[in-house]
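Note on naming: letters A, B, ... go to the chains in the order of the sequence lines (proteins, then strands), and numbering restarts at 1 for each one. Keep in mind it's a predicted model, so treat the numbers as computed, not measured.
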Amino acid sequence: MTILSIFDIGLVVLILAVGAASIGMREAFSAVIGFVVYGLLLSIAWVRLSAVDVALTEAAIGGGMTGMLMLGAVARLRFAKGNDSRTSLPVRLAAGILCALVAAGLAIAVLSPPEVIPTLAPMAMENLPQSGLGNPVAGVLFVYRALDTLLEKVVLILALLGVWSLAPDRMWGGIPGLRVYAQPNSKLTFLAQLLPPVGIVVAVYMCWVGAKEPGGAFQGGTVLAAMWLLVMIAGLTSVPSISQRWLRLLLVAGPMIFLAIGIAGMVLANAFLAYPAGYAKPLIVAVEVALTLSIGVALGLLAAGPPERVQRP
Amino acid sequence: MIGQTTLLASAFVVPFGMLLLCLWPQILNRMPSLLAFAPIPALAAVLLVATDSSFAIGSARFHLTFAMDRPGAMLLGVSALLWIAAGAYASQYLQNRPNHGRFVVCWLMTLTGCVGVFLAADMVGFYFLLALLTLGACGLVIYHETPSAWRAGAVYIGLALLAEAFLLMAFVLLASEIPGNSLLIRDAAAALPTSPQRDLILALLIAGFGMKAGLVPFHFWMPLAYSAAPTPAAAVLSGAVVKASILGMIRFLPLGTALPDWGTAIAAAGLFAALYGVVIGITQRSPRLVLAYSSVSQMGFIIAIIGMGMLTGDGRAALAAAFYAAHHVLVKGALFLSVGVIAATGSRRLWPMLLPAAIIAVGLGGLPLTGGALAKFVADELLGDSTASTIATLSAIGTTLLMLQFLRHLASTASQDPQATANAGLVWPWLATAAVSLVVPWTLYLTVPRGTLPDPLSAAVLWKALWPVLLGGALAMALWRWWRSMPQIPKGDIIVALDGGVRAAVTWGKALQRTDSVLRQWPAATVSLLILTVALGAAVLAR
Amino acid sequence: MPDANLLPDATTTDGVFLVLAIVLPAAGVLLSFVLGGRYAERIALVLLPSGFILATIILVDVWQSGHRLVYIVGDWKPPLGIALRADGLSAAMMVVMAIVFCAVAIFAYADFGTRAGSAEARAPFAFWILLMAIWGAMNLIFLGGDLFTLYVALELLTFAAVPLVCLDGRAETLQAALRYLIFALLGSILYLVGTALLYGSYATLDIVLLSRQIRAEPATLVAAALMTIGLFAKTALFPLHLWLPPAHAGAPAAASAVLSAVVVKGSFFLVVRLWFDVMPGMLGGAGAQLFGALGAAAIIFGSVVALQQQRLKLLIAYSTVAQIGYLFLIFPLALDAASGQLQGSGALTGGIIQAISHATAKAAMFMAAGLIYAALGHDRIAELGGIARALPMTIFAFALGGVSLIGLPPSGGFLAKWILLEATVATGQWWWALVILAGGLFTSCYMFIVLSRAVAPSGAPLKLKTAVPKYQEAAALALALTSLLLGLVALGPIDIIEVGRPDSIMVGSR
Amino acid sequence: MNAATLFGLCGAALVGLGLYGLVTNPEPLRKILAFNLLGSGVFLVFGVVAKRAAASGLGGDPVPQAMVITAIVVAFAATAMAIALVLRLLQETGRSTLSSDTSAATDTAGADS
């Protein structure tokens, strides 16, 4: 047994323990803290699975953004009254047994791989040079399975619309209900002044490097979103109202450009979402940049929630 | 040939077109006065179109076929006569009454369905038109919107749709038996005797048509519906509409093949119904209810004819049953119309009005020289000299008794105002129907293949018809003497038991609803999701 | 693995329409989102009818060529890339759904129209965009040839459907939406884990490629079970229907129509794709009977509970629970006992006709219920008296929808029932025939209850809260008529449903 | 037991855990958390599939890795929407619960447990 495999076992035990704790804990707050820790542990697992792209995404979104959202919710839910009684023991017992069975079935499935393990990795690598990209994951996202990526951006927009649509009617066009702690010269302000420039550089780098190495629009967008949220929470910039035209434009710019290039591909290349030979890389980079911005804004606004204040005249 | 096809099609296309025209309110308002004209193309088709001509609409692979066969033509013709008269009666009846629109729409729906069923030659078309007929008839039953009308309508449509469910299953089974793609009723009936599913199909067909024909124990809708429906509607429902199921039996059941077991069962059920209707009918106190129970009895008798045919494999049963049914169409229609006419007539004018009613009523019992005697005579040939014939005679005695009872109640419903006279718009259609009911059976008799039947005018035959009538009359005298000690049976008799069933169903329904609301709880739903996952996993892994 | 490298298909002529069917809604969503205000409604009102034209073109193309239409996205063939495919099944569904969308759009114009000059409002803005999103998601579900693309489509559908439920912002609809969302997410994640396992075994998620390589091994079967149950949860198949009645009954009328008519059919369609196309030989007798049993339970429970509802919209919602049950009866009926394969003719055709005739009928009924609600200010069944006189066309549309649900000819419901009954006879499974017929009787019971209340006179003179626009009634009536006359496809293009099926044998269905 | 298998088992266990939390935990927020846990277990299964199929000098098959990235973003969007719903429900009713249908949207006949 190598050191690494001992490390892996320890990691798995830790992940399961923290996961179980965050499910079983009575206090919602500690459960969420547990979940954030869990997210970070999980990104280590992703590194161990040689999926650095995923590790970055998981750390940024799975742990970071989701954790932040949940913490905010816990803070508000403290005032909820009349919470439900716990599920009765027999039900929990039955659920436990059934969940174990399902998990066991899944484990059997995972433990019985085919004799020859099929893979698309060679095919993906073989065709990668055509796109000028170096990162095969980006190749899948923007070349081979670009349709999924494009539509997933539409999903993001829809989710945001869904969140917005929860606003009371009179708040429509108002400002998302992000809590702003505008205390001058607090640590938060300092942090909010210090971090964003660094963050933006990191984001730009991630987006740029994503073409060749792990990183890309999602990760870059997440960092951007986090920085933007920080600045807004600290009160350094105002939270924009959702009816701002520039905001909406930013939100759809990424998928729009992607879509436009895709349609252009029908004319200039030979298919929808195909890139004309030789122009693949610049086009993909353009799409990535636009997507990074759109994703950043979308994630930030998703975290900020539905409009809760009317815009001051 | 084209002319014939057009004529055949116009029989149901004209009423259907009138139904569609009802979408325009202006036309709808004028429609009551046009009701009598709607069935005229059907009558014309019967008179002018050669038997066995047909036409189809649709694509080569799937089409609806319409055709004119002998029993169908016979029933369609007399039904059209009744529809014309009842339509004329209805146009008068509707004056100064609310909800013209609904009545007219339901009337035309029923008419389209009724005419169509008599012409439909394939199962899908038959089923469709039967459904249309049911929906329209239900609308007619509930026209008055009283609580009892609603109840009658609910019972009627419930039972009718149940019957149609049986029929649908039977049709699907038949369709699978027919070689090739045909859906023709003719092919279905031909395939039935040799089918491996024969007994199941026969059971389904008899249950389905039996329910719709009011065969005991499914007869309870008849008293409810016929007493609730408006007079002209009751006339067509009891006269024409209910014959659709008789025609169904004639067409679908393999009458040319001897199936003794089934034949005996059907004949026994029919004869039992024939007596049962009389026995319960005698206890009723409203003329409509007496007529309704008489319908139960008469339909039972017709079904018995069909059963006897199956017993012996005698194909003539089809025509005999149709002939008897045709007579019943007109008589029952005329009698129901008379209920409305007498109710509007005062004591001064009562006798001239009551007399025609009396003649055709007693004719139903087999009074010599009436259509009724003729119908019974034709049927008698099939029944032979067996027990069935005895029962038939008993039923004739009973029917006479029942009809006299009807006349007695009818007379008591006359208008309080001695000077009152029924409107001519009501009287003439009624008198016409009564007259036709006496004449048409003789005309039709000429179409029945001659030779095998003895002369209906011989003294022996006349006496055979007369003595049950006389006996019935005598019994009626006796009955009236002890009238007060008769038990009162609620209308629809065994439907009281149905109410108990409804209560049980409600209890079950509530239990299901409680189960549902438990299953919709989050833990229950997610646990069932897990159970399903495990179960499906096990099912596919274990195969 | 020589098979995986076998490239199954190439873009066919007119394949470009498949792309348009997905690009148009996507572009519509994005554009409306930017432009906002009245533009959302204008864009939707232009795009939805063009969607119908598009769907019709695809249908005609499939019908005339007798083959699938295929489009290879990005010119990357599966397994690396994604293919869009339209077979008869998807083309037929697309056209009918497009009709429903158009009618809903016309209907919704009254409730969600924005007057000139007024500011952008929340509900209309959200509604029109969500409507286009559902349209796009459905098109993607019908055309998608890759199981992961279909996952994205499912999520697109969920995210568009959930906000529709709580568009009016009342507390109970919010709760219904939350239940719906969490349960639907559970469903999608189960589907997703299945795709992971399948990819692990075959390194492709393309439906055609998978169907050529599929083997009955544990990973595949576990994957299939998980995906199926996930889709059941999203389809609200009994007993996983907890979210449906409150969500469908609480949403605004136009939204209910879309949710009940269209959205649940999306996940159903994927169940069909999975078992009929990807792994036709894997379900086995026990699995098929389980599907059928759930369907039967849905029919019985849904109908009986519907019978006891006091509110019209809830009654219709429970009727949806019941009607979904019919769709799952096709699995035991399509299973060929000898070969253990699911046959792509007969029962499947019946199921698809049931799905589309329910879609049109149910949308019409929800619209009618919405108009009744608007006119009376409530939808308590016991107090519907007089409404038939006030809104005859609406009640007529409702009744016609009911005729189709009951399965009386010439409605699509009748045709579906006939085909399904034929299949029960052909396979000797009479117990399903009992359920099918009983379901029809239950349906007629609750239709009778509602209609008898509606035509009964009102106690007090009826005062309508609002005037109901004629075009709204017309939209409902048009859909109801479509459903009623759907049975007439038996006269013509019914075979189209079998076009492009690998095992299509063009005999037997009438 | 190699790393892929180990994490595969971890993923399966996480799926079980997440399902359990989703079933038994009455608070909506905790259900959402459980859903995320469940989701991450599923993503791990993808990761294992990718890792197992490593070839051509790559650490894993890029196709499932790309799918996971897509799925993570979708899961986040779902979480955001669900939380917004929970908070809105709290705002309207002062409660956050899924278990009782206090709504008029359900019949009163079936009482809740």
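- Heavy-atom pairs under 4.5 Å with chain D were tallied for A:Leu158, A:Ile295, A:Leu42, A:Val155; the largest tally goes to A:Leu42.
- Separation of atoms CD (D:Gln65) and CG (A:Asn135) is listed at 9.0 Å; rounding is to 0.5 Å.
- Neither the backbone nor the side chain of A:Val13 comes within contact range of chain D; no heavy atoms are under 4.5 Å apart.
- For a residue to count as touching a neighbouring chain, one of its non-hydrogen atoms must lie under 4.5 Å from one of that chain's; by this rule D:Glu92 does not touch chain A.
- In this structure the side chain of D:Val63 never reaches within 4.5 angstrom of the side chain of A:Tyr144, judged on heavy atoms.
- Rounding to the nearest 0.5 Å places CG of A:Leu120 at 5.5 Å from CG of D:Asp61.
- Contact of the A:Tyr38 side chain with the D:Leu37 side chain is registered, since non-hydrogen atoms from C-beta on lie closer than 4.5 Å.
- Taking chain D as the reference chain and counting heavy-atom pairs below 4.5 Å, the highest number among A:Ile61, A:Leu160, A:Val102, A:Leu101 is found for A:Ile61.
- In terms of heavy-atom pairs under 4.5 Å with chain D, the best-connected choice from A:Gly305, A:Pro113, A:Gly96 is A:Pro113.
- If you measure heavy-atom distances from A:Glu308 to chain D, the contacts under 4.5 Å come from the side chain alone.
- Two residues are said to be in side-chain contact when any heavy atoms from C-beta on lie closer than 4.5 Å; A:Met70 and D:Thr79 meet this criterion.
- A heavy-atom distance below 4.5 Å is found between the side chains of A:Trp46 and D:Val68.
- Residue D:Leu22 does not touch chain A at all, counting heavy-atom pairs closer than 4.5 Å.
- When side chains are defined from C-beta on, D:Tyr20 does not count as touching A:Leu98, because their heavy atoms never get closer than 4.5 Å.
- For the atom pair CG (A:Leu41) and OG (D:Ser40), the distance works out to 11.0 Å, reported to the nearest 0.5 Å.
- Chosen from A:Leu166, A:Val137, A:Ile15, A:Leu302, the residue pairing most often with chain D at heavy-atom distances under 4.5 Å is A:Leu166.
- Within the 4.5 Å cutoff, no side-chain heavy atoms of D:Thr5 are placed close to those of A:Val110.
- Between A:Thr222 and D:Phe76 the shortest side-chain heavy-atom distance does not fall below 4.5 Å.
- By the 4.5 Å heavy-atom criterion applied to side chains, A:Cys99 and D:Leu17 are not counted as neighbours.
- In this structure, the portions of A:Pro122 lying under 4.5 Å from any heavy atom of chain D include both its backbone and its side chain.
- For A:Ala100, no part sits under 4.5 Å from any heavy atom of chain D, backbone or side chain.
- Of the atoms belonging to A:Leu16, heavy atoms from both backbone and side chain fall under 4.5 Å from chain D.
- A distance of 7.5 Å separates OG1 of D:Thr24 from CD1 of A:Ile23, quoted to the nearest 0.5 Å.
- Checking side-chain atoms of D:Arg88 against main-chain N and O of A:Val163 turns up no donor-acceptor pair under 3.5 Å.
- Interface remark: A:Ser22 contributes backbone and side-chain atoms alike to the contact with chain D (heavy atom separation under 4.5 Å).
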